[in-house]
Amino acid sequence: MSLGRQIRGVLAALAVGLVAAGPANAQVASKGEQPPPTIAIIIDDMGHDPVQGERLIKLDQPLTLAFLPYRRYTRALAEEAHGRGKEIMLHAPMANTHHYDLGPGGLKPEMDEHATTVTLRRALQSIPYVQGVNNHMGSLLTQKRSNMDWIMTELVQYPLYFVDSRTIAATVAADSAEAHRVPNLTRDVFLDHLQTEEFVDRQFKLLIETARRNGTAIGIGHPHKVTVDYLEKHLPQLDEQGIAVATVSGLWAMRHNNAPMFVDIKRPVVAPLAKRKVGGE
């Protein structure tokens with residue numbers, strides 16, 4: 001099945017409404033009611049660790065899982081996660097100012113439009129049920145407007161949303177997404193760049209405070225054992241605190257008065273790479 005067909009099927013089946021943190025008390029805010037403060041949690045770097053990946057997939061809450069392309073467990077975990085109601089993203093490796101290795105599927109500023117498009121498209125095709133993209137690292141590439149424009153030109157064709165992980169303040173990713181009419185959001189809180197329970201607790205509370213203040217908030221974590229341990233313990237307690245959990249798509253809908261993320265307009269059909277030559281390839 002082509003990527004475009006997979007995505008259309010997923011979008012058609014997506015329940016865009018609000019999902020409460022406690023499954024036994026799941027609620028959808030009825031028309032006219034004020035929804036509770038709501039968080040979305042993206043777990044980056046999925047695909048390496050099957051043990052922590054399985055634990056995250058089995059959590060009852062609607063997490064959004066961002067998979068690195070071509071990793072050993074990416075496809076199997078993404079298939080299972082989709083079957084358990086998780087939202088799937090491509091965690092696209094992008095060049096960083098520290099010049100850390102990107103691994104397979106990396107997007108670099110020296111790439112031209114053709115190379116960028118082909119690399120991104122192949123990465124998207126490697127992950128089943130993908131609905132959106134966020135950047136892995138990217139402190140260098142997200143400052144490059146031309147490169148981000150090429151990326152957004154590709155994403156709008158499927159269509160897919162984009163979340164700016166905001167790994168640098170000078171990012172232009174959101175501006176590029178807006179210019180290309182790609183639905184986009186920005187990370188509010190990193191949960192675990194220090195891997196201690198005390199730090200994760202502090203950041204998780206900051207995420208909740210941000211949601212109480214603004215209505216919604218997006219947190220990004222990773223499949224570290226300390227993070228998964230914390231989420232297993234504390235996510236089920238959110239319902240009693242009046243905090244809801246939604247997928248990224250659900251959070252976007254809340255911020256846009258339940259408008260559809262993708263307007264039903266005619267877009268070019270994106271064929272699988274093997275059946276379509278890109279830029280003269």
Side-chain angles (χ1 to χ4, degrees), residues 3-4 6-7 10 40 42-48 53 64-75 77-78 81 86-168 171-178 180 182-187 190 218 220-223 247-249 252 270 273 278:
L3 174 65
Q6 285 183 358
I7 293 169
V10 172
I42 300 170
I43 302 295
D44 284 350
D45 294 353
M46 292 289 293
H48 281 301
T64 300
L65 305 181
F67 286 85
L68 289 162
Y70 314 118
R71 273 44 175 195
R72 181 175 180 180
Y73 302 103
T74 285
R75 177 167 289 276
L77 288 174
K86 304 298 186 287
E87 192 158 287
I88 308 301
M89 298 175 65
L90 164 67
H91 193 38
M94 298 187 189
N96 58 86
T97 56
H98 298 288
H99 306 292
Y100 295 141
D101 181 60
L102 300 180
L107 299 170
K108 303 174 183 178
E110 60 267 26
M111 289 178 168
D112 61 13
E113 182 174 6
H114 168 72
T116 298
T117 299
V118 169
T119 301
L120 176 61
R121 185 173 300 170
R122 285 174 172 159
L124 287 167
Q125 290 171 332
S126 75
I127 299 175
Y129 304 109
V130 62
Q131 291 180 235
V133 175
N134 74 336
N135 52 293
H136 172 55
M137 298 188 283
S139 55
L140 179 59
L141 196 74
T142 58
Q143 297 185 65
K144 306 292 185 182
R145 182 59 187 260
S146 294
N147 297 78
M148 297 311 299
D149 284 346
W150 299 335
I151 289 168
M152 299 308 166
T153 298
E154 180 70 7
L155 297 187
V156 77
Q157 294 185 74
Y158 287 91
L160 297 168
Y161 64 75
F162 184 82
V163 175
D164 186 356
S165 301
R166 197 168 177 80
T167 54
I168 195 165
T171 175
V172 298
D175 292 339
S176 177
E178 286 292 325
H180 290 81
V182 175
N184 64 95
L185 305 95
T186 299
R187 182 270 311 162
F190 277 124
I218 296 176
I220 290 181
H222 301 81
T247 61
V248 168
S249 292
W252 190 94
V270 181
L273 190 63
V278 181

- Item | Point-to-point distance, once rounded to the nearest 0.5 Å, from CG of L90 to NE2 of H136 | 11.0 Å
- Item | Side-chain heavy atoms of K108 within contact of L102, under 4.5 Å | yes
- Message: With rounding to the nearest 0.5 angstrom, report the CG to NZ distance, L77 to K86.
- Response: 12.0 Å
- Message: So, applying side-chain contact (heavy atoms from CB on, under 4.5 Å) with V133, which one of V163, V182, L124 is it?
- Response: L124
- Distance-only, no hydrogens or angles: does the T64 side chain make a donor-acceptor pair with backbone N or O of V248 under 3.5 Å? yes
- Item | Heavy-atom closest contact (H180 atom, V156 atom, distance) | O-CG2, 3.4 Å
- Message: If you define the side chain from C-beta out and look only at heavy atoms, does anything of Q131 sit under 4.5 Å from T247?
- Response: no
- Query: For the atom pair CG (D112) and OG1 (T116), what is the distance rounded to the nearest 0.5 Å?
  - Reply: 6.5 Å
- Task: Return the minimal non-hydrogen interatomic distance between F162 and M94, and the atom names on each side.
- Result: CE1-CE, 4.2 Å
- Message: Tell me if a side-chain donor or acceptor on T119 pairs with a main-chain N or O of A115 at a distance below 3.5 Å.
- Response: yes
- Message: Would you compute the distance between atom OG1 of T117 and atom CD1 of I151 and round it to the nearest 0.5 angstrom?
- Response: 9.0 Å
- Going through the checks in order, is the side-chain contact (heavy atoms from CB on, under 4.5 Å) test met by L107 and N147? CA-CA 9 Å; L107 299 170; N147 297 78; over 6 Å; no
- CZ of R72: more than 12 outside heavy atoms within 6.0 angstrom? no
- Min side-chain heavy-atom separation L68-D45 under 4.5 Å: yes
- Do P69 and T74 come within less than 4.5 Å of each other through their side chains, counting heavy atoms only? no
- Note on the structure: Smallest heavy-atom separation, L140 atom then P109 atom, equals CD2-CG, 3.9 Å
- Task: Spell out, as yes or no, whether a donor-acceptor pair under 3.5 Å connects the side chain of T171 to the backbone of A173.
- Result: yes
- Under 3.5 Å, is there a donor-acceptor pair between the N134 and H91 side chains? yes
- Query: Which atom names give the shortest non-hydrogen contact between T97 and S139, and what distance separates them?
  - Reply: N-OG, 2.9 Å
- Task: Say whether, by atom type as modelled, one donor and one acceptor occur between the side chain of T167 and the main chain of M137 under 3.5 angstrom.
- Result: yes
- Apply the test side chain to side chain donor-acceptor pair (under 3.5 Å) to residues N184 and D164: give CA-CA distance (whole Å), side-chain angles for both, the deciding distance (0.1 Å), then the verdict. CA-CA 7 Å; N184 64 95; D164 186 356; over 6 Å; no
- Between the side chain of R71 and the main-chain N/O of M46, is any donor-acceptor distance below 3.5 Å? no
- Task: Give a yes-or-no answer on whether the side chains of T142 and N135 include a donor-acceptor pair shorter than 3.5 Å.
- Result: no
- Note on the structure: Smallest heavy-atom separation, Y161 atom then S249 atom, equals CE2-OG, 3.5 Å
- Query: Got a donor-acceptor contact below 3.5 angstrom from the Y70 side chain to the A123 backbone?
  - Reply: yes
- Query: CG/N96 to CD1/I168 distance, rounded to the nearest 0.5 angstrom?
  - Reply: 10.0 Å
- Message: Nearest 0.5 Å, please: how far is OH in Y129 from CD in E87?
- Response: 14.5 Å
- Heavy-atom closest contact (P93 atom, P104 atom, distance): CG-O, 3.9 Å
- Item | Sub-4.5 Å side-chain heavy-atom contact between R75 and P128 | yes
